[in-house]
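Encoded as structure tokens, the structure appears first; notes follow it.
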Amino acid sequence: MKNAEIAEIFDKIADILEFKGEIVFKVNSYRKAARTLRDTTEDVAVIAAGNRLLDMPGVGKSTADKIVEYLETGTIKKYDEERKGLSDELIRMLQIPGMGPKTLALIHSKLKIDTFEALEKAIHSGELTELPGMGAKKAENILKGIELLREAAKRIPIGVALPVAEDVVAAVLKFPTVKRAEVAGSLRRMKETIGDIDILASSPDAVKTIEAFTSLPQVKRVLAAGTTKASVIVEGNKQIDLRVIEENSFGAALQYFTGSKAHNIKLRDIARGMGLKVNEYGVFRGDEKVGGREEEEIYAAVGLIWMPPEIREDRGEIEAAMKNALPELVTVGQIKGDMHVHSDFSDGKAAIAQLAERAQELGYKYLAVTDHSQSLKIAHGLTPERVEEKRELIQKINSKLKGLTLLLGTEMDILSDGALDYPEKLLEKFDWVVASIHSGFKQPREKITQRIVSAMRSPLVDCIAHPTGRLIGQRAAYEVDVEEILEVAAETRTAIEINANSERLDLDDVGCKRAKQLGVMLAIGTDAHKLEHMDMFRLGVAVARRGWLEPPDVLNTLPLKKLRRKR
DNA sequence: GCCGTTTTCGGCCCGACTGTTTTCAGTCG
């Protein structure tokens with residue numbers, strides 16, 4: 001599937017055109033097309049074959065031609081022509097915070113600089129400040145920007161960002177000048193990785209609030225501090241932006257700073273068509289303010305009902321709201337159990353009794369204890385004898401438990417030839433069988449897809465865990481045809497896991513949305529190897545919500561009896 | 001380059017901060 005490859009080329013074309021000073025609208029149209037491609041699980045080749053490219057948002061004649069060209073020839077002439085004479089490193093320099101296309105073009109044309117090394121040298125030698133409009137501070141900021149880029153090249157996984165943000169919000173709420181404070185930005189939308197953390201606070205005294213914020217003990221460096229907003233760097237080189245606003249604009253600001261950018265652009269565009277103006281202070285008809293204290297007022301002003309932050313990605317939510325057809329997203333409170341945890345029978349740290357205790361604290365009705373199977377020796381996969389031991393222990397614990405039922409589960413390996421790691425006779429004893437891949441990651445697409453497909457064809461396999469195997473920011477997904485997996489899952493009524501581990505979040509949001517369309521059930525599990533990991537459940541629910549899932553789409557919203565009947 | 005309840009041409013979200021300049025361009029989100 002070439003979707004991601006083509007998206008990347010479109011983004012690169014956008015970068016190059018921006019550098020060359022092309023009008024921003026043209027640049028943005030390439031970025032929009034790239035985003036659409038990334039939001040599509042269906043193979044763009046299939047869409048092209050069906051003459052449906054022009055139905056994709058942001059894809060017009062010119063872009064469609066380029067997609068077809070890439071599918072047929074493997075290259076895009078426009079891209080090859082535009083990049084002629086420009087090094088990749090030069091274009092990458094646009095990623096330096098504070099370095100925009102105008103500045104880079106100036107530096108490139110006047111000083112012939114096209115490497116980071118040459119740029120740093122020119123700053124140290126004072127050559128850069130001789131350029132028009134370039135002062136000492138700007139040069140200094142570029143230098144800092146290069147450093148920042150090197151340190152913080154990686155986006156922060158949500159599991160890391162969320163506790164940091166919640167900690168700072170709690171601190172801000174303690175300022176005597178602050179009334180309300182909330183996380184905004186991509187973190188509020190629960191995106192899987194976060195660029196920087198956005199926090200919004202309401203206060204009648206913005207200056208004092210900014211002062212208190214930049215003086216927090218967590219703050220390592222202040223990047224900028226004005227009269228309404230400030231940016232700081234905290235431990236671990238994470239950037240936090242605080243914006244302070246008056247109480248009666250809090251909703252408008254929260255809406256605006258939550259984004260996504262594409263969602264806001266569409267919303268403001270609609271507002272403009274209605275003769276309204278939306279900014280972070282409120283909704284205005286002429287000079288008259290018609291709303292702004294609460295987020296609901298912003299949506300209401302353009303005739304829409306409020307929608308959850310997780311779906312504000314311009315993936316059809318505004319259109320759905322117009323038709324009053326927004327999904328009733330699944331909530332953490334509706335979840336009845338965790339479908340994937342490991343005990344000390346295999347490679348987990350906690351004993352089964354401890355897992356049960358934690359599950360009761362979390363209010364679960366059931367918990368699937370899914371230890372590894374025999375082939376995965378590195379994780380102490382269970383032999384049939386050990387499975388029997390575990391079965392007896394679970395039975396014993398269950399007989400004493402009130403309100404919670406432990407399910408005898410396994411995370412069974414799909415071996416590299418596609419065979420299951422336990423014989424059928426043994427599999428029948430389990431309440432819940434999750435199958436997954438832990439070997440042969442490098443197999444070709446066809447092979448690895450077929451392995452998973454053949455596992456799904458077994459009536460004894462209930463669920464496929466971490467179906468793509470990706471580790472966010474560390475390891476790419478294995479070459480698996482997600483579309484085919486989902487189609488077969490629908491046919492065989494096999495559930496697909498949403499692995500709630502912060503590093504996995506697999507299946508992802510886009511995949512979930514597609515799964516729902518195909519009628520596939522999702523099962524959320526934390527893959528916990530320690531008790532604390534069980535708390536990551538909310539991240540799995542966040543993925544489900546970002547994928548528009550409703551309670552009937554999520555297997556573990558079912559009561560135990562109905563869950564058992566699914567087998 | 002895309003798009004259409006005002007448009008097939010002429011628009012394309014909107015404001016804060018910084019630095020270098022005397023009124024604004026560039027960058028960012």
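In what follows, chains carry the letters A, B, and so on, assigned in the order in which the sequence lines appear, proteins first and then strands, with residues in each chain numbered from 1.
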note = Result for salt bridge (Lys or Arg N to Asp or Glu O under 4.0 Å) between A:Glu42 and one of A:Lys2, A:Arg52, A:Lys513 points to A:Arg52
How would you label the contact of [X] with the nucleic acid (heavy atoms, under 4.0 Å): base, sugar-phosphate, or nothing?
X	value
A:Lys26	base
A:Lys32	nothing
A:Ser231	nothing
A:Ala184	nothing
A:Lys261	base
A:Asn141	sugar-phosphate
A:Asn279	sugar-phosphate
A:Leu223	nothing
A:Val278	sugar-phosphate
A:Ile23	base
A:Ala225	sugar-phosphate

query = Thinking salt bridges, do A:Lys516 and A:Glu550 make one under a 4.0 Å N-O criterion?
reply =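 Counted as a salt bridge, because a side-chain N and a carboxylate O are separated by less than 4.0 Å.
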query = Is the shortest distance from a Lys or Arg side-chain nitrogen in A:Arg538 or A:Glu166 to a carboxylate oxygen in the other one below 4.0 Å?
reply = yes
message = Need two values: the first and the last nucleotide of DNA chain B, 5' to 3', having an atom under 4.0 Å from any heavy-atom of chain A.
response = B:dG1 to B:dG29
inquiry  = Could you go through A:Val232 and A:Gln239, starting from their C-alpha distance and side-chain angles, then the distance that decides it, and tell me whether this counts as side chain to side chain contact (heavy atoms under 4.5 Å, CB included)?
reply    = CA-CA 6 Å; A:Val232 301; A:Gln239 182 175 332; over 6 Å; no
ask   = Crowded around A:Lys78 NZ? As in, over 12 foreign heavy atoms under 6.0 Å?
value =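 Enclosed.
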key: Whether A:Lys112 side chain and A:Ser109 backbone form a donor-acceptor pair below 3.5 Å   =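 Checked: pair present.
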inquiry  = Keeping A:Glu317 on the side-chain end and A:Glu313 on the backbone end, is there a donor-acceptor pair under 3.5 Å?
reply    = yes
Using the [atom1] atoms only, state how far [M] lies from [N], rounded to an integer number of Å.
N	M	atom1	answer
B:dT6	B:dC14	P	16 Å
B:dG26	B:dT21	P	13 Å
B:dC17	B:dC12	P	25 Å
B:dC2	B:dC13	P	16 Å

ask   = Which of residues 238-258 of chain A have a heavy atom under 4.0 Å from DNA chain B?
value =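 The answer is A:Arg243, A:Tyr256.
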ask   = Does B:dT8 have a Watson-Crick or wobble partner in any strand here, with both distances under 3.5 angstrom, and which is it?
value =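 Partner of B:dT8: none found under 3.5 Å.
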message = According to salt bridge (Lys or Arg N to Asp or Glu O under 4.0 Å), does anything in residues 262-279 of chain A pair up with another residue at least two apart or in another chain? List the pairs.
response = A:Lys266-A:Asp314, A:Lys266-A:Glu319, A:Asp269-A:Arg272
ask   = Which pair of heavy atoms, one from A:Val44 and one from A:Leu53, lies closest together, and at what distance?
value = CG2-CD2, 3.8 Å
